[in-house]
Student: 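Here it is: the structure, laid out below.
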Protein chains: 2
Amino acid sequence: MIPPSSSPLHPLIRKLESIATLTDDEKQAVTSLPARSRTLEPRQEIVRDGDRPSQCCLLVEGWLYRSKTLGDGKRQILALHVPGDMPDLHSLHLPVLDHTLATLTRAIVAFIPHENMHELVTAHPGIAAALWRDTLIDAAIFREWITGLGRRDARARIAHLFCEMYVKLHAVGLAADQCCEFPLTQAEMSDALGLSTVHVNRTVQELRAEQLISWSGRSLQILDWTGLVAAGEFDPTYLHVQKRAAS
Amino acid sequence: MIPPSSSPLHPLIRKLESIATLTDDEKQAVTSLPARSRTLEPRQEIVRDGDRPSQCCLLVEGWLYRSKTLGDGKRQILALHVPGDMPDLHSLHLPVLDHTLATLTRAIVAFIPHENMHELVTAHPGIAAALWRDTLIDAAIFREWITGLGRRDARARIAHLFCEMYVKLHAVGLAADQCCEFPLTQAEMSDALGLSTVHVNRTVQELRAEQLISWSGRSLQILDWTGLVAAGEFDPTYLHVQKRAAS
DNA sequence: CGGACAATTGATCTACCTCAAAATTGGTGG
DNA sequence: CCACCAATTTTGAGGTAGATCAATTGTCCG
C-alpha cells in the first residue's frame, strides 16, 4: 500500500506517519491525490503575500522558507521547510496569504488543488486530524521562535536552530550520524534569527571554535550534540515528534 | 437559537461568528456543550508546561496569556487572549503542553472536556473547520510577533501591540470609539515584546508625548489611530477577521 | 495610614548593528 | 585546466538601541 518512493506523495506519507498513525485506507487516499510536480530553481517565489492560492504546495525535495518583508526592506524569515512539509496548508482555511513562500535551494514541489484536499479531509476525518495536528506543530515551532527572538542571545538562537533542523530532518529520515544538509547562507540565517549577518558570522565562528559544530557549504555536522543542546537550551518537546519515520 | 448572553458559551459563538459563518444547527450544537465555569484570580496558572490536559479552556471574561520560561528565569509571553478565545484548543491534538496558560486579570473560564469537543467536531465538520481556522489565525498572529521581535524596534513593537489588541477586541464587540481595556503591567508588556521594563516605560512615554495614545491603569484610548498604525506598520490582514460581530 | 506593587528616572554598560573593505569560495566559459 | 566573476564569508572599527542596576515616586487598597 505504501507508494513507491518515486511518487511525489511519498514524502507526505512519511511526514504524516512521523506525526500520526494512518490506516492503509488513509494512506491509499493520500496516494491517489492528484499532484502536479514541478522543479524550481533556488531563491524563487512560489506564492506571494496577498495571493489567494487555489492549491496547496507539498515539498518533495529541497528546502523552502516563508518570510515577511517590512516597509524599509527588512526581511524576517518565519519558517524553514523540509521534504514532506506542506508550507501553505493553512491557505485551505485562510484564503489570503499573509506572507511569501519561496525556495531556498533547487526544489521539487507538488501542487494539489484545494478542492481535492477538501474532499480528502471530508472523506477521511483521520487525515483531517493529522493535517490539523501538523498545522498545530507549525504553530508550536512559531512559539519557540518567538521565545528565542525575545529572550535568547545570538549564540543560543543559532545553536537552537541547528538542533531544530537536525531533529526535523531526522524525523523524516533525512539526517543521521549527526550529519545533515543546512543550505542557508549566513545572510538567510540572520533574517531567520533577527540578527545581522556580521554578528551571525562571528557567533557561528564561536560555535566552531567551541567544537560544537562543523558547517561549510551546505553540510552540517554536529560534533557535540550535548554541548549544542546546552548552548541552545534545546528541548525537542515542542516539535511533538511521535516517532522516527522509516526511510 | 442564540443563547442568552448569560451563557458561558455565548462568547464562543460570538467569536466563531467573527471568523466563520455558522448554521443555526451548528450554533445549537455549540450551545449544548457541557461547560464547567470557574472564576479565577489574576496571575493564576491554569495549565502548565508539561501538563496533559483532558479539557479545553474557553475564556468567558477577562484576559489570559501564554508564556514560556527559560532556564535563567527569563520569561517570554507568547500570546494574549480575550473573551471568546480557546487558548489551549491545540491540546485536542497535541497531548502535552509546551507552555503555560495563566490569567492576567480576574477571569471567568469555562472548561469543556476533550471528549465533548471531539464529538462536536466529528458531528459537525463546519465547526471543525471553524476551529481549525481559529488555530490557524493563532499561528498567523505568532508569525506577526516573530516579525516584530526579529525586525521591529521598540516603538513599532509597542504601537503594533496596541493596534492588534484593539482590533481583536473590536472583532468580538469589546472595543469601540478608540477605547478598550489594556490590563497589562509594563513588566508584562516587556515580557511579551522581548524588551526590558525600563525601555518599555520610556518608549510608552514617547508614544504618549506624540499624542498617539493615552493609557493609564487598565484602560487604553487611541488618540490617533492613523499615527499609531504608521508607528507600528500595522496591517490587520494577518488577523483574518471576517466581519465585526454583533455585540 | 501603611504596605505592596507599579511606574518613573538616572547613570552606566554591552550585545549587537552599521559601514566598509578584504579574503574566500564555487561555478562558468574559454 | 585555468582564469574570472559573482556571491559569500570574514575582518576591522566605530556607533547605538536597548539592557542592567539602583533608587525614587506614585497609586491603589484594605
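Chain A is the first sequence line, chain B the second, and so forth, proteins listed ahead of strands; every chain is numbered from 1. Being a predicted model, the structure only gives us computed values, none of them experimental.
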Student: Do B:R152 and A:D72 meet the salt-bridge criterion of a basic N to acidic O distance under 4.0 Å?
Tutor: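 No salt bridge links A:D72 with B:R152.
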Student: Please report the distance, rounded to the nearest Å, between CE in A:M189 and C1' in D:dA7.
Tutor: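 Going from CE in A:M189 over to C1' in D:dA7 covers 18 Å.
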Student: Name the closest nucleotide to the B:Q186 side chain, picking from C:dT8, C:dC16, D:dG18.
Tutor: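 Among the listed nucleotides, the one closest to the side chain of B:Q186 is C:dT8.
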Student: Near DNA chain C, counting only heavy atoms under 4.0 Å, which residues of residues 202-213 of chain A show up?
Tutor: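 Correct list: empty, so none.
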Student: Check every atom of D:dG18, C:dC17, C:dT9 against the side chain of B:V198 and return the nucleotide holding the closest atom.
Tutor: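 For B:V198, the side-chain atoms sit closest to C:dT9.
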Student: Of the nucleotides C:dT18, D:dT10, D:dT20, which has the atom closest to the B:K74 side chain?
Tutor: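 In terms of side-chain proximity for B:K74, the closest of C:dT18, D:dT10, D:dT20 is D:dT20.
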Student: Do NZ/NE/NH1/NH2 and the carboxylate oxygens of B:D134 and B:K15 come within less than 4.0 Å?
Tutor: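 B:K15 and B:D134: salt-bridged.
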Student: Regarding B:R218 and B:E181, does a basic nitrogen lie under 4.0 Å from an acidic carboxylate oxygen?
Tutor: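 Looking at B:R218 and B:E181, the cut-off is not met.
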Student: Which sits closer to the 5' end of DNA chain C, A:R218 or A:R152, going by the nucleotide each is nearest to?
Tutor: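 Counting from the 5' end, the first nearest nucleotide belongs to A:R152.
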Student: With axes from five pairs an end, tell me the bend angle of the helix from C:dC1-D:dG30 to C:dG30-D:dC1, nearest 10°.
Tutor: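 It works out to 50° between the end axes.
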Student: Using a 3.5 Å distance criterion without hydrogens, assess whether the side chain of B:R151 forms a donor-acceptor pair with backbone atoms of A:R75.
Tutor: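 Such a contact is found between B:R151 side chain and A:R75 backbone.
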Student: Quick check for you: to the nearest 0.5 Å, what is the distance between A:M165 atom CE and A:H160 atom NE2?
Tutor: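 Between atom CE of A:M165 and atom NE2 of A:H160 there are 12.5 Å.
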Student: Find the distance B:H199:NE2 to C:dA15:P and express it as a whole number of Å.
Tutor: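 Going from NE2 in B:H199 over to P in C:dA15 covers 17 Å.
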Student: Please state how far atom CD in B:E188 lies from atom C1' in C:dA7, giving the value in whole angstrom units.
Tutor: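 Value for this atom pair: 13 Å.
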Student: Strictly below 4.0 Å, N to O, side chains only: are A:E188 and A:R43 in salt-bridge contact?
Tutor: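 A:R43 and A:E188: salt-bridged.
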Student: Below 6.0 angstrom between ring centroids: does that apply to B:H99 and B:H90?
Tutor: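 When the ring centroids of B:H99 and B:H90 are compared, they turn out to be within the sub-6.0 Å range.
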Student: Nearest whole Å is fine: how far is C:dA6 C1' from B:L184 CG?
Tutor: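 That distance rounds to 13 Å.
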Student: Would you check if the side chain of B:Y166 reaches a backbone N or O of B:Q178 as a donor-acceptor pair within less than 3.5 Å?
Tutor: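 Flag set: sc B:Y166 to bb B:Q178 pair under 3.5 Å.
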Student: With respect to the phosphate group of D:dT10, does any side-chain polar atom (N or O) of A:N201 fall under 4.0 Å of OP1 or OP2?
Tutor: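 Yes, A:N201 has a side-chain N/O under 4.0 Å of OP1/OP2 on D:dT10.
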Student: Taking the side chain of A:T185 as its heavy atoms from C-beta onward, which of D:dC21, D:dG12, D:dT8 lies nearest to it?
Tutor: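 Of the candidates, D:dT8 comes closest.
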Student: Atom CG of B:D72 and atom C1' of D:dA19: how far apart are they, to the nearest Å?
Tutor: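 In whole Å, D:dA19 C1' and B:D72 CG are 14 Å from each other.
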Student: Between B:R66 and B:D88, does any side-chain N to carboxylate O distance fall below 4.0 Å?
Tutor: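 Salt bridge: no.
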Student: Would you mind reading off the distance between A:I158 atom CD1 and D:dT9 atom C1', rounded to a whole angstrom?
Tutor: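 Value for this atom pair: 14 Å.
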Student: How close or far is atom P of D:dT8 from atom CZ of A:R43, stated in whole angstroms?
Tutor: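 Checked: the CZ to P distance equals 6 Å.
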Student: Take atom CG of A:L193 and atom P of C:dA15, then tell me their distance rounded to the nearest Å.
Tutor: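 Going from A:L193 (CG) to C:dA15 (P), I get 18 Å.
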